[in-house]
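Just so you know, these numbers come straight off a predicted model, no measurement behind them. Count residues from 1 along the sequence.
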Amino acid sequence: MASGPGDGHATLKRCLAVLREARNDSEQFAALLLVTKAVRAGELDAKTRRKIFDAIGFTFPNRLLTSRQPPAGCPPDTFRALGLTLLACFCTDPELAGHSQVLNKIPTFNDVLVSPCSPESTSMIDDVYQCLSAVLATARGPRELVTKGTVSALCQAYLNGRYGSARALTLLGGLLAIAEAKCWQRDAPHLLAVLGKLSDDFLKAEDMTKFELCEVLPHFIPLSPPPTQDSQGSECLHRLYRGLADILGSKLSQSQRDPALKLAACLVQACGSEWIPAGSAGSKFLALLVNLACVEVRLTLEEPGPLDVEGKKEVVTACYVLIEMGIQECLREDKPLLEEKQKMQLLRIMEEAFGAVIFYLRQVKQEELQDPFIFASVRILGAWMAEETSSLKQEICELLPFLVHYAKKLFQEGSPAVSLPQPELVSTKGSASPQDALRFLLPGFCHLTAEDKPRDILISAGAPALLCEYFLHQWKVLTSVPKPLTPLTSTEMSLQTACGIFLNLVVTAPDLIRQDKNFSSLMDMLLKSLPLLLSQKDHLVLAANVATLGLMMARILAGSAALQGSQSAQEFFRAAILFLSQAHTAQADPGSEAMVLAVSPAYTGAWPEVGELWFLGMQALAACLPLFPWLPQAVLQTHWLENLSELLTRVAPASVDFELVAAFQGVLVELARASSPCRDVILSHHGTEWANLYGMAALEQCLSEQ
């Protein structure tokens, strides 16, 4: 007659009683044997398992794991097996799984995984996997597993192909999902070996295994450092490319195509397009990949309902990553993977996909704004707006009020719903919080504020006030890091792009600058920030933006109290003069003995980004000189006039182009008109002579007047 669960519980009660009353090790061992049989039978509920722990605690399992002499006639690992069974039983309680007495057994668990496996030890391995899975699910567990060497043990267990190797792979995937960076820092060689086996299996598989591996592989592709930095990693990537080319070149069902697209997106996220080889085959594959992504986006977003299907948003988000790569490859001029004809075809296909993205975003309801998929959709649209300024302009203009409202809501309220991956082809570590949708829209807004219709829409939607608030916030982020002004790529780029938008507004909508109080707050911040920026290295481009914007805004807000000779205003203008005055120097011409005018070494690397701002800044400074009576004196104090006179006297006039001459003359004329001391300094340093030499007719006339 079979015994039921009730009989098992009765037996267990007797065993626990025996354990409590056991007088020696043999009696305890006999009772433990009965307990572990009951545990393995799997008939115990959580309450009963807790009773077992309360009765025996960690003492008995600890003794069993350290005992070396099993009872006569028992296999050598008997005690250890019993101890592990008890720990596996305890680990079903999450509180016990995170206990230090379990966490300090991690080296023992690792040892079991890497030891030779006999048929008798399979239950022991099962118990170890149960313990490790439970530990992984605790708060401290992942960190403890990484630091105590479990990643290496799991890699070996998988690569050895022994009993339970599939569970080793699953556990590795779970551990990488939680602590990817730490795992790769400590165990890169072992993880690369696993990636090597997986990529080899992926390439060789001819059945459904290929598609199952598409789901597994993304966990094993590191974002940092990218696999392309290692020859073994590069080989893995090439196998993955060939395997994906086999898949995507075939006729696929939806369930087969989706994981392949997600794997491709993961590779793009880690390596950009570097995993795709140059040449005809690579360019066709890349074009196919982007094409498939665009089709998927259109099919999903233009049809009502499909997004509700589980996992669909993740697939479309992966397609967004592939499309962003497509945008970048269409713009790439240095060693492009795509031919011009392919680029034109892809741009047309991508335009259709973005039509679908805009269509989707126009349907979004207020209560859906926290959905991370909307964030992903806005982000990819921002990438398109940044580059394709003429495409879909009418549709984008109609969407602008929504985009401003969405960016404002996320910026001001924050967004906890960012569980979907937000892959990025460019490193944007730093300020980018998940709710920072505005950061991705700034480049597009910069283009659009240069045009009348979209600028008017942005202004009426409240974009200027939002941008001022955002700029002030990003400046705080930049200056709040432990080391002052440590370069933070995304923060600095956001500040620079916002400056570009403000410059557009200063030129095209000066009345807005005068009337909107947000710009007075912005002016105050610019006055204080430029001296700090110029005192640091590596911030020249941002300093150029701040200096030029500040000078151009100062013309418009000249009557404001902040600019009436206050200390912050004087420090700002001194810093701006310093920025403008140090941009050029004299250097020897390699082809002759003459000296020529050149961009200063400190400015050379950034000049493509700074040059235009410098010319704008010179014009703005010239316009400011008549407005601020104290400003010429500030120029005198910097000795710029003497230095400029010496520079223009030393260099060959032919080396100074007409645009530079005009820039210098604009400032010099205003200084000479506004201030007798400035005029006297120019005259005493042969100003009339070099004004004639450089064809500065307006300056000559100004200097000749009494």
Side-chain angles (χ1 to χ4, degrees), residues 36 39 58 60-68 70 75-94 96-198 216 219-220 222:
T36 49
V39 168
F58 285 113
F60 280 126
N62 288 346
R63 283 179 62 191
L64 289 166
L65 290 172
T66 55
S67 295
R68 291 284 172 257
D77 279 324
T78 300
F79 278 154
R80 188 154 74 154
L82 288 171
L84 290 170
T85 298
L86 288 170
L87 286 178
C89 168
F90 298 163
C91 282
T92 56
D93 182 331
L96 295 179
H99 195 287
S100 58
Q101 287 278 12
V102 173
L103 298 179
N104 66 26
K105 304 298 184 301
I106 290 173
T108 301
F109 302 152
N110 298 342
D111 186 48
V112 171
L113 293 184
V114 299
S115 298
C117 175
S118 64
E120 295 81 33
S121 60
T122 55
S123 64
M124 191 161 64
I125 292 170
D126 288 334
D127 289 335
V128 163
Y129 281 122
Q130 187 172 322
C131 292
L132 290 173
S133 299
V135 169
L136 180 62
T138 65
R140 281 178 58 198
R143 185 176 69 246
E144 295 287 332
L145 291 171
V146 174
T147 56
K148 288 185 165 73
T150 302
V151 175
S152 166
L154 289 170
C155 289
Q156 291 177 62
Y158 172 69
L159 292 167
N160 291 338
R162 293 182 186 142
Y163 178 80
S165 60
R167 291 179 74 179
L169 192 65
T170 304
L171 262 173
L172 267 175
L175 198 45
L176 286 165
I178 298 168
E180 179 186 297
K182 284 189 171 64
C183 291
W184 280 94
Q185 282 166 12
R186 287 181 61 97
D187 291 289
H190 292 106
L191 287 166
L192 265 178
V194 172
L195 179 59
K197 178 170 170 26
L198 289 171
V216 173
H219 294 298
F220 293 88

Inset, instruction - Taking salt bridge (Lys or Arg N to Asp or Glu O under 4.0 Å) as the test, write out the residues that go with Asp187, two or more places apart. - result: none
Inset, instruction - Ignoring hydrogens and angles, tell me if any N or O in the side chain of Lys105 forms a donor-acceptor pair with the backbone of Gln101 under 3.5 Å. - result: yes
Legend entry - Any Leu136 side-chain heavy atom under 4.5 Å of Pro142 side chain: yes
Inset, instruction - Might you work through the side chain to side chain contact (heavy atoms under 4.5 Å, CB included) test for Thr138 and Glu144, ending with a clear yes or no? - result: CA-CA 10 Å; Thr138 65; Glu144 295 287 332; over 6 Å; no
Legend entry - Distance (rounded to the nearest 0.5 Å) between Leu191 CG and Arg186 CZ: 11.5 Å
Inset, instruction - Give the minimum heavy-atom separation between Cys91 and Val102, together with the two atoms involved. - result: SG-CG1, 3.7 Å
What pairs of donor and acceptor atoms, side-chain ones from residues 157-180 against any protein atom, are under 3.5 angstrom apart with sequence neighbours left out?
{"unit_1": "Asn160", "atom_1": "ND2", "unit_2": "Gln156", "atom_2": "O", "d": "3.1"}
{"unit_1": "Arg162", "atom_1": "NH1", "unit_2": "Val114", "atom_2": "O", "d": "3.3"}
{"unit_1": "Arg162", "atom_1": "NH1", "unit_2": "Ser115", "atom_2": "O", "d": "3.3"}
{"unit_1": "Tyr163", "atom_1": "OH", "unit_2": "Asp126", "atom_2": "OD1", "d": "2.9"}
{"unit_1": "Tyr163", "atom_1": "OH", "unit_2": "Asp126", "atom_2": "OD2", "d": "2.9"}
{"unit_1": "Ser165", "atom_1": "OG", "unit_2": "Arg162", "atom_2": "O", "d": "3.4"}
{"unit_1": "Arg167", "atom_1": "NH1", "unit_2": "Asp126", "atom_2": "OD1", "d": "3.4"}
{"unit_1": "Thr170", "atom_1": "OG1", "unit_2": "Ala166", "atom_2": "O", "d": "3.1"}
{"unit_1": "Glu180", "atom_1": "OE2", "unit_2": "Leu223", "atom_2": "N", "d": "3.1"}

Legend entry - Reported CG-to-OG1 distance for the pair Leu87 and Thr108, which is rounded to 0.5 angstrom: 9.0 Å
Inset, instruction - May I ask you to check whether over 12 heavy atoms, not counting those of Lys182, lie within 6.0 Å of atom NZ? - result: no
Inset, instruction - Compare every heavy atom of Phe220 with every heavy atom of Trp184, then report the nearest pair and how far apart it is. - result: CZ2-O, 3.4 Å
Inset, instruction - Please report the closest heavy-atom contact between Gly149 and Asn110, naming both atoms and the distance. - result: C-ND2, 3.5 Å
Legend entry - Nearest atoms (heavy-atom pairs only) where Val146 meets Cys183: CG2-SG, 3.8 Å
Legend entry - Euclidean distance, Leu145 CG relative to Arg143 CZ, rounded to 0.5 Å: 11.0 Å
Inset, instruction - Compare every heavy atom of Ala88 with every heavy atom of Gln130, then report the nearest pair and how far apart it is. - result: NE2-O, 3.0 Å
Legend entry - Distance in Å, Cys155 SG paired with Leu113 CG, rounded so as to fall on 0.5 Å steps: 11.0 Å
Inset, instruction - Test Phe109 against Thr150 for side chain to side chain contact (heavy atoms under 4.5 Å, CB included), laying out the working first. - result: CA-CA 8 Å; Phe109 302 152; Thr150 302; over 6 Å; no
